[in-house]
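We number each residue from 1, following the sequence as shown. Please read all numbers here as calculations on a predicted model, not as lab measurements. Just follow the structure's listing: the first ligand is 1, and inside any ligand the first atom is 1.
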Amino acid sequence: SQWTGVQVRKTFLDFFAERGHNVVPSSSVVPHNDPTLLFTNAGMNQFKPIFLGTIGKTEDMAQLKRAVDTQKCIRAGGKHNDLDDVGKDSYHHTFFEMLGNWSFGDYFKKEAIAWSWELLTKVYGLDPQRLYVTYFEGSPDLGLEPDLEAKNLWLEVGVPEDHIIPGNMKDNFWEMGDQGPCGPCSEIHYDKVGGGRNAAHLVNMDDPLVVEVWNIVFIQFDRQADKSLKSLPAKHIDTGMGFERLVSALQDKTSNYATDIFTPLFAKIQEVTGAREYTDKYGKDDVDGIDTAYRVIADHIRLLSFAIADGAAPNNVGRGYVVRRVLRRGARYARKYFNAEIGTFFSRILPALVEQMGEQFPELVKKQTDIKEILDEEEVAFAVTLDRGEKQFEKYAALAIKSGKKKLSGADVWRLYDTFGFPEDLTKLMAEERGLTIDEAEVNEAREKAREASKAVKESVQEFAKLNVHQIAELETSLNIPRPTSDAKF
Ligand code: ATP
Ligand code: MG
Ligand code: MG
Ligand code: MG
């Protein structure tokens with residue numbers, strides 16, 4: 001089709017700008033001033049103070065009535081963790097853009113519903129026969145009415161009744177936390193098969209061909225400490241549409257990875273590795289695993305580059321550990337499936353990403369050198385242990401299989417982490433390739449044991465530090481440790 005990714009993004013922003021929305025930049029994907037959050041995982045994160053009513057009157061944002069943006073999001077770890085799906089399915093990424101339009105106490109359901117339908121069917125020209133919408137079915141237990149207002153508004157804009165589907169608390173009621181702003185939502189799903197079929201029964205079934213593209217939240221309640229719901233005086237609209245999923249619908253692809261968002265990255269991976277061409281095969285159809293590896297690497301370079309550009313660096317805790325895990329996972333794919341030398345692999349893919357996304361996100365251009373240096377340093381460090389670790393893993397796996405177990409022991413998983421720097425999710429992935437599982441409880445047990453042991457070592461070191469020279473000499477004699485001679489060289 002004629003839609004490029006760049007045009008799709010611009011059309012979204014323009015559509016809402018023409019309807020009185022301020023175009024605001026994406027916030028950092030590293031939420032520097034929200035310690036409760038690992039990474040920015042939705043468009044609403046940066047507007048949280050507005051919804052909570054904690055925004056300072058002098059802040060620019062306090063004046064906002066309507067806004068539109070594309071938000072950089074990461075969902076790898078924390079409340080939303082899509083890492084394990086990445087590479088395997090066609091529509092979850094660890095890093096993605098979330099397009100959103102916002103009303104802060106301004107317009108509500110009627111406009112939000114009408115505009116979303118107009119944009120998708122009239123402006124983008126998606127076939128209404130392939131679109132399905134959901135609304136909140138209510139919860140008598142919790143005293144919540146069905147959202148018939150939304151249902152009727154969908155009917156009014158012309159959605160056929162058999163394309164309007166009720167949904168439960170889990171899918172159609174959104175809450176920020178245990179308390180605070182919340183409300184029902186409507187989701188829009190797109191059927192990638194079409195051809196006159198009715199796919200209503202596949203909505204919310206995790207069917208890879210009937211995919212959720214847009215979530216429109218009607219924030220109309222304030223959840224109280226006693227769990228009751230108070231109606232909000234000012235109602236808000238919070239929407240999130242997956243940019244990559246929308247582009248795949250508009251380019252008539254069954255997979256996000258077949259769009260022009262990913263193809264330049266695949267071309268670069270191929271150039272760097274000399275691998276066969278990407279063919280968009282999944283699961284068992286991806287016989288040599290190479291398509292999956294293409295997807296993982298193209299996904300991971302996006303997360304790594306944007307996270308580092310916004311100030312996250314690989315290390316052993318929290319955010320930093322997500323970055324480290326993702327890099328190690330990607331590096332291992334690159335080596336196993338592309339026979340790539342690890343050390344500067346990701347940074348050789350980086351220029352293609354900067355070329356493709358640098359205009360919309362200039363931080364990539366500005367930080368390109370830093371990104372490269374951090375990627376290389378981390379990769380070189382991992383390269384040292386990757387080889388040994390893989391051999392060690394093969395040993396453990398062979399022993400487990402030989403002894404008829406379907407499981408890699410917790411102690412082995414722990415040792416691969418502790419000694420070889422293999423994050424648990426990487427070991428799990430490798431185990432899956434061998435048909436082995438991992439027992440979470442066993443891993444925790446091994447981790448606890450290691451913690452106890454290191455505590456004991458630390459305590460004995462502290463005890464030792466308290467000894468005077470005579471006591472040390474005594475101890476050395478009792479342990480048969482030879483005394484250094486006077487000409488000992490240090
Ligand atoms: P799904 O059910 O497919 O996992 P979600 O309900 O978790 O999606 P929301 O939290 O409602 O997603 O986010 C709003 C939109 O962002 C979704 O409708 C979808 O288009 C997009 N989205 C969510 N997660 C991802 C992801 N991991 N990769 C790409 N797009 C995503
Ligand atoms: Mg999800
Ligand atoms: Mg969902
Ligand atoms: Mg959703």
Point to revise | Salt bridge present between Arg332 and Glu433 (N-O < 4.0 angstrom) | key: yes
Point to revise | Proximal atoms of ligand 1 relative to Val213 (non-hydrogen, under 4.0 Å) | key: 18 (O), 20 (O)
Revision key, fill the gap. The protein heavy atom nearest to atom 12 (O) of ligand 1 is Arg75 NH1, 3.4 Å
Review point. For the Mg ion (ligand 3), what is the closest N, O or S atom on Glu212?
Key: OE1
Study note, to complete from the structure: If we number the atoms of ligand 1 from 1 as shown, the ones under 4.0 Å from a heavy atom of Met98 are 13 (O), 14 (C), 16 (O)
Check your understanding: At a 4.0 Å threshold, what atoms of ligand 1 neighbour a non-hydrogen atom of Asp82?
Key -> 24 (N), 26 (C), 27 (N)
Point to revise | Atoms of ligand 1, numbered as shown, that sit under 4.0 Å from any heavy atom of Trp214 | key: 18 (O)
Revision key, fill the gap. Among Asp89, Leu99, Asn215, the residue with a heavy atom nearest to atom 11 (O) of ligand 1 is Asn215
**Study point:** Atom nearest to the Mg ion (ligand 4) - Glu187, N, O or S atoms considered
**Key:** OE2
Review point. Does Phe243 come within less than 4.0 angstrom of ligand 1, counting non-hydrogen atoms of the residue?
Key: no
Check your understanding: Side chain, backbone, both or neither: which part of His93 comes within less than 4.0 Å of ligand 1 when only heavy atoms are counted?
Key -> both
Check your understanding: Any N/O/S of Asp171 under 2.8 Å from the Mg ion (ligand 4)?
Key -> no
Exercise for review: Please indicate whether any nitrogen or oxygen in Gly242 is less than 3.5 Å from any nitrogen or oxygen in ligand 1.
Suggested key: yes
Revision key, fill the gap. heavy-atom search around atom 15 (C) of ligand 1 in the protein gives Gly240 O, 3.6 Å
Exercise for review: For atom 19 (C) of ligand 1, find the nearest protein heavy atom and state the residue, atom name and distance (0.1 Å precision).
Suggested key: Arg245 NH1, 3.4 Å
